[in-house]
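The analysis underlying the following values was restricted to heavy atoms, covering all of them including side chains, and did not include hydrogens, waters or symmetry mates. By convention in this document, chain letters (A, B, ...) are assigned in the order of the sequence lines, proteins followed by strands, and residues within each chain are numbered from 1.
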There are 2 protein chains.
Amino acid sequence: MLKFAAMMTATAPAVDTPSETESVLLQIRRKGARATPARIRVLLLLRAAPAALTHHEIEQALGDRMLDRVTLYRVLDWLVVRGLAHRSTDAQRAFRFSAAAAGEHGAHTHFRCDDCGRVFCLDSAPPAAPSLPAGFSLSRIEFDLRGRCAECARG
Amino acid sequence: MLKFAAMMTATAPAVDTPSETESVLLQIRRKGARATPARIRVLLLLRAAPAALTHHEIEQALGDRMLDRVTLYRVLDWLVVRGLAHRSTDAQRAFRFSAAAAGEHGAHTHFRCDDCGRVFCLDSAPPAAPSLPAGFSLSRIEFDLRGRCAECARG
DNA sequence: GTGGCAGGTGCAACCATGTTGCATCTGGAG
DNA sequence: CTCCAGATGCAACATGGTTGCACCTGCCAC
């Protein structure tokens with residue numbers, strides 16, 4: 001599959017404009033935590049990414065000056081716990097991370113490519129939930145479309 | 001979480017009535033493969049299960065006379081490839097397996113319990129897909145509801 | 001500014017889940 | 001009953017994620 005570095009330069013050449021960095025820094029501080037380079041860089045990456053990324057893709061994208069594997073996991077965990085990022089599992093049973101939208105979307109429509117495994121967030125809202133068996137309580141809805149993304153279909 | 005052995009006795013005391021066994025045996029033979037005890041036992045289990053099971057839960061349910069770990073993986077793979085079972089990944093990034101319905105459902109509504117991780121197949125059909133970005137092709141739709149199952153909500 | 005320390009980072013070892021290679025065994029066709 | 005393609009079991013490996021612990025550093029108080 002396409003390296004994320006390539007995706008980034010193709011779709012978002014300026015990842016850390018001052019305003020973006022500042023916004024991210026504030027977002028982190030507001031959670032009452034230290035704004036470390038690791039958190040800032042990772043969150044900037046996620047916000048600039050066109051799709052949910054795996055741990056590995058993030059490592060790639062950080063290039064040189066790579067974070068420790070474990071630190072990256074911990075940063076991602078932290079982001080998820082604080083609600084700044086979302087985590088889901090892909091078909092290859094690996095976690096994928098994406099930045100949480102400012103407003104936040106309780107429900108979600110995704111497209112997952114069966115070929116490259118990437119996950120794309122679609123705009124359209126999923127439909128209302130059907131009725132559940134007795135005793136079940138609903139907290140979230142996920143609407144997943146599967147198939148091939150434009151890139152893999154072309155190749 | 002609830003052990004599958006308990007689930008089974010609670011909900012389906014007679015797992016392998018002659019007719020069920022025969023039906024399963026036929027299903028396997030029709031795929032042009034050998035009807036081995038491993039395949040028969042696993043498929044019977046899946047058909048009797050009220051929810052999608054992990055590899056581990058299936059091992060538990062087989063109790064004594066347990067299959068080799070690898071054999072179980074291979075049996076499950078085989079069932080999936082032949083279309084007799086479905087495979088999905090749960091929130092704990094493990095695979096879950098369920099018997100394919102006789103008629104087969106191309107699209108699917110699931111309920112996943114955030115507590116115990118179990119997956120329940122709901123009857124209601126998911127809604128139609130929204131429009132996709134250019135170049136994307138759709139092969140399957142998954143409608144996932146998250147929350148707590150009746151059992152975990154009660155506990 | 002600068003000191004101190006809660007909180008963040010890096011390293012090494014570990015765990016869970018799934019896969020591969022290969023020798024041995026067996027269902028079922030003939 | 002015999003035979004062998006196909007199924008099984010074992011051991012080793014791969015991948016993705018987690019834990020424990022010593023060391024480092026933002027950032028607040030001063």
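- The backbone N or O of Gly147(A) sits nowhere less than 3.5 Å from a side-chain atom of Ser137(B) that would complete a donor-acceptor pair.
- Rounded to a whole Å, the CG atom of Asp90(A) is 11 Å from the C1' atom of dG16(D).
- Between the C1' atom of dG27(C) and the CZ atom of Arg39(B) lies a distance of 11 Å, rounded to the nearest Å.
- Under a hydrophobic-cluster definition in which Ile, Leu, Val, Met, Phe, Trp and Tyr are linked whenever side-chain heavy atoms come within less than 4.5 Å, directly or via other members, Trp78(A) and Val70(A) are assigned to different clusters.
- Contacts of Arg74(A) with the nucleic acid, taken as non-hydrogen atoms under 4.0 Å apart, include base atoms.
- Bending across the helix from dG1(C)-dC30(D) to dG30(C)-dC1(D), expressed as the angle between its end axes from five pairs apiece, amounts to 30° (10° rounding).
- Rounded to a whole Å, the CZ atom of Arg41(A) is 11 Å from the P atom of dT9(C).
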Taking N or O atoms only and anything under 3.5 Å, show me the protein contacts with nucleotides 3-6 of chain C, one pair per line.
residue : atom : partner  : partner atom : Å
dA6(C)  : N3   : Arg34(A) : NH1          : 3.3

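- Considering only the side chain of Thr71(B), dT8(D) comes nearest among dG28(C), dT8(D), dT9(C).
- In the hydrophobic clustering of ILVMFWY residues, with side-chain heavy atoms under 4.5 Å counting as a link, Ile58(B) and Val119(B) come out apart.
- For the pair Arg82(B) CZ and dA7(D) P, the interatomic distance rounds to 8 Å; values are reported in whole Å.
- In this structure, Asp68(B) atom CG and dC25(C) atom P are separated by 15 Å, rounded to whole Å.
- Side-chain N or O atoms of Arg39(B) include one that pairs as donor or acceptor with a backbone N or O of Arg34(B) at under 3.5 Å.
- The aromatic rings of Phe120(B) and Phe111(B) sit tilted, their planes meeting at an angle between 30° and 60°.
- dG18(C) atom C1' lies 14 Å from atom CD1 of Ile58(B), rounded to whole Å.
- Side-chain N/O atoms of Tyr73(B) include none lying less than 4.0 angstrom from OP1 or OP2 on dT19(C).
- Looking at His55(B), its side chain never comes within 3.5 Å of a backbone N or O of Phe97(B) through a donor-acceptor pair.
- Phosphate contact (OP1/OP2 of dG8(C), side-chain N/O of Thr36(A), threshold under 4.0 Å): absent.
- Remark: P of dG18(C) and CZ of Phe97(B) are 7 Å apart, rounded to the nearest angstrom.
- Close to dC27(D), at under 4.0 Å from its OP1 or OP2, lies a side-chain N or O of Arg29(A).
- Summarising the geometry, the separation between CG on Asp77(B) and P on dG6(D) is reported as 17 Å, rounded to the nearest angstrom.
- Take the nearest nucleotide of DNA chain C for Val70(A) and for Arg93(A): the residue whose nucleotide is more 5' is Val70(A).
- For the pair Arg112(A) and Asp144(A), the salt-bridge criterion is met [side-chain N within less than 4.0 Å of a carboxylate O].
- A donor-acceptor contact shorter than 3.5 Å links the side chain of Arg96(B) to the backbone of Ala52(B).
- Residue contacts for His55(B): at a heavy-atom cut-off of 4.0 Å it reaches the sugar-phosphate backbone alone, with no base atom in range.
- Taking 3.5 Å as the limit, the base of dG17(D) and the side chain of Arg69(A) contain a donor-acceptor pair of atoms between them.
- Heavy-atom minimum distance, Leu62(A) versus Arg41(A): O-NH2, 3.4 Å.
- Between Arg148(B) and Cys113(B), the shortest heavy-atom contact is CA-SG, 3.8 Å.
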